[in-house]
Amino acid sequence: MDMLLNPLNRRHRLRHDIPVVPGAFPLVGHLPAVVCDLPCLLRRAERTLGSHFWLDFGPAGHLMTSLDPDALALLRHKDVSSALIEDIAPELFGGTLVAQDGIAHRQARDAIQVSLLPKGLTQAGIGELFAPVIRARVQRWRDHGDVTILRETGDLMLKLIFSLMGIPAQDLPGWRRKYRQLLQLIVAPPVDLPGLPLRRGRAARDWIDARLREFVRAAREHASRTGLINDMVSAFDRSDDALSDDVLVANIRLLLLGGHDTTASTMAWMVIELARQPGLWDALVEEAQRVGAVPTRHADLAQCPVAEALFRETLRVHPATPLLVRRAVRDLQLGQRRIPAGTDLCVPLLHFSTSALLHEAPDQFRLARWLQRTEPIGSMDMLQFGTGPHVCMGYHLAWLELVQFCIALALTMHEAGVRPRLLSDAEKGRRYYPTAHPSMTIRIGFS
Ligand code: HEM
């Protein structure tokens with residue numbers, strides 16, 4: 001067997017009448033294949049077993065995975081819960097709204113959402129804050145001549161998200177270090193000893209939370225100031241059942257996590273696509289020259305249709321969050337199948353995003369599918385941000401910063417008479433779980 005599956009496990013088994021994909025390893029199940037070759041794994045499972053099958057996510061257990069478009073409706077169903085997210089990553093997502101349901105979720109979400117909508121972002125001057133940071137970074141790339149792209153976009157995104165939180169520039173190295181330690185909680189084995197990832201990750205989380213608490217206190221003392229944290233604090237303090245600072249701090253930390261990896265990966269893929277398709281780069285440069293400056297407000301984004309199409313098509317072909325997980329809290333009907341209460345579910349956004357059911361010629365990277373459409377963007381067009389009550393809260397922010405990035409890149413490189421060129425194999429070393437991204441080693445030259 002080629003695809004990181006266990007050749008010794010070929011037995012065909014059923015759970016609740018649904019086939020289990022063969023090839024799981026002890027302890028880690030199908031995780032090696034999920035992480036390294038999810039599209040191939042899903043295609044093979046569909047071809048051999050049909051559109052419903054179990055995947056073994058190792059420590060997270062078996063998830064019933066459905067490739068039936070009806071599965072998307074599960075994300076909007078009142079009888080499915082997001083609590084499974086907390087079970088899978090309690091150290092990172094415990095107490096955050098992404099793992100909550102019902103009123104607790106709605107209350108925390110309502111309090112934060114306003115600041116992340118176009119009006120809130122414009123009022124807080126986020127576009128003006130980001131433009132010079134992005135411009136300075138791409139100028140550094142131009143001066144350097146070549147970059148390891150994902151490392152660079154990851155660093156840029158961290159800088160943007162920290163500046164969004166009002167973290168002073170001189171404190172950034174300390175935050176960066178703690179943030180990287182926090183991420184170790186994703187893979188930390190459950191052993192709490194000094195020097196091990198769990199202990200270090202928890203210490204970093206406590207460090208971050210303590211500082212966020214100080215920001216919250218400062219925001220209350222200077223209530224007249226604007227800025228994202230100030231807006232969130234006032235919204236939390238105004239909410240009907242005042243929400244505790246623990247809830248507020250956990251959710252600000254969630255924004256750090258939610259807004260980083262996903263956008264860094266998308267930004268890296270954008271550069272890779274621009275480098276491997278010269279026609280795309282030419283169209284973007286033409287647009288950037290026409291608009292002449294990096295847009296700073298949502299209202300300006302309409303003048304950048306090519307950059308917007310690039311943002312949407314990059315996400316469609318390379319969705320940064322390829323899988324969503326849920327738990328059935330009551331018996332559910334999924335097409336012809338009955339899903340018993342308690343079943344853990346996996347909805348592979350990657351499959352739908354690149355499926356012929358939703359898109360013509362889904363394997364082709366085509367800006368025209370966005371540039372030529374006349375109907376408004378609907379929920380299926382932004383599926384990569386989820387759907388239903390948990391749909392991404394950072395959609396407008398991601399749209400703004402990614403279009404800003406495209407225009408800044410095109411202006412800067414074109415002024416210097418250079419364009420992006422792919423220096424490595426873009427397909428090698430891709431990862432698909434827990435978020436999807438190109439290989440950390442891919443290099444892009446500007447010449
Ligand atoms: C390209 C960029 C992004 C992608 C592809 C993306 C994708 C997603 C997806 C698929 C979900 C749904 C999770 C679920 O249903 O379980 C989600 C939720 C969320 N995202 Fe994003 N995201 C992006 C950027 C951002 C940014 C920039 C922020 C904020 C700074 C953010 C904050 C959040 C939050 C707080 C949630 C949880 C919403 C809830 O549970 O109600 N995301 N995102």
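Ligands are counted one by one from 1 in listed order, and the atoms in each one are counted from 1 as well.
Between His390 and ligand 1, at least one pair of N/O atoms sits closer than 3.5 Å. Of the polar atoms of Thr263, none of the N or O atoms is found under 3.5 Å from an N or O of ligand 1, judged by distance alone.
Ring-plane geometry between Trp141 and Phe405 is classed as perpendicular, the angle between the planes exceeding 60 degrees on a 0 to 90 degree scale with a lower cut at 30. Below 30°, between 30° and 60°, or above 60°: for Trp54 and His16 the angle between ring planes is between 30° and 60°, a tilted geometry. The aromatic rings of His390 and His105 are tilted relative to each other, their planes meeting at an angle between 30° and 60°.
Of the protein's non-hydrogen atoms, Gln384 O, 3.6 Å is the one closest to atom 5 (C) of ligand 1. From the protein, the heavy atom lying nearest to atom 25 (C) of ligand 1 is Gly258 O, 3.4 Å. What sits closest to atom 26 (C) of ligand 1 on the protein, heavy atoms only, is Gly259 CA, 3.4 Å. In this structure, the protein non-hydrogen atom closest to atom 11 (C) of ligand 1 is Phe385 O, 3.8 Å. Taking atom 22 (N) of ligand 1 as the reference point, the nearest protein heavy-atom neighbour is Cys392 SG, 3.0 Å. Considering only non-hydrogen protein atoms, atom 32 (C) of ligand 1 sits nearest to Gly394 N, 3.9 Å. Looking only at protein heavy atoms, the nearest one to atom 38 (C) of ligand 1 is Arg109 NH1, 3.4 Å. Among protein heavy atoms, atom 24 (C) of ligand 1 sits closest to Thr262 OG1, 3.5 Å.
Of all the heavy atoms of Leu164, none lies under 4.0 Å from any atom of ligand 1, so neither backbone nor side chain is involved. When non-hydrogen atoms are compared, ligand 1 lies under 4.0 Å from the side chain of Ile161 (C-beta onward) but not from its backbone. If you look at Leu397 next to ligand 1, the close heavy atoms, those under 4.0 Å, all belong to the side chain. Only the backbone of Pro389 comes within contact range of ligand 1, with a heavy atom under 4.0 Å; no side-chain atom does. When non-hydrogen atoms are compared, ligand 1 lies under 4.0 Å from neither the backbone nor the side chain of Leu75.
Look at Gly388 and you'll find every heavy atom at least 4.0 Å from all atoms of ligand 1. In this structure, Arg326 has a heavy atom closer than 4.0 Å to ligand 1. At least one heavy atom of His105 lies less than 4.0 angstrom from ligand 1. Judged by the shortest distance from any of its heavy atoms, Ile85 lies inside the 4.0 Å radius around the atoms of ligand 1.
Within ligand 1, the atoms closer than 4.0 Å to a non-hydrogen atom of Met393 are 19 (C), 20 (N), 33 (C), 35 (C), 38 (C), numbered from 1 in the order shown.
Between Asp206 and Arg213, none of the side-chain N atoms (NZ, or NE/NH1/NH2) sits under 4.0 Å from a carboxylate O, so this pair counts as no salt bridge. Residues Asp381 and Arg373 are paired through a salt bridge, judged by an N-O separation under 4.0 Å between the basic side chain and the carboxylate. The existence of a salt bridge linking Arg177 and Asp171 is excluded, since no basic side-chain nitrogen approaches an acidic carboxylate oxygen closer than 4.0 Å. Salt-bridge check for Arg276 with Glu427: passed, with a basic side-chain N closer than 4.0 Å to an acidic carboxylate O. At a threshold of 4.0 Å, the pair Arg369-Glu360 does not count as salt-bridged, since none of the basic side-chain nitrogens sits closer than that to a carboxylate oxygen.
Thr412 and Arg135 share a side-chain donor-acceptor pair at under 3.5 Å. The closest side-chain donor-acceptor pair between Arg327 and Ser81, if any, does not fall under 3.5 angstrom.
Comparing Asp101, Thr266, Leu324, Leu254 against atom 13 (C) of ligand 1, the shortest heavy-atom distance belongs to Leu324.
Put simply, the side chain of Thr354 gets close to the backbone of Leu350: a donor and an acceptor are under 3.5 Å apart. Between the side chain of Thr148 and the main chain of Arg151, no donor-acceptor pair closer than 3.5 Å is present.
Trp399 carries Arg312 over the face of its six-membered ring, with the cationic atom under 6.0 Å from the centre and within 45° of the normal.
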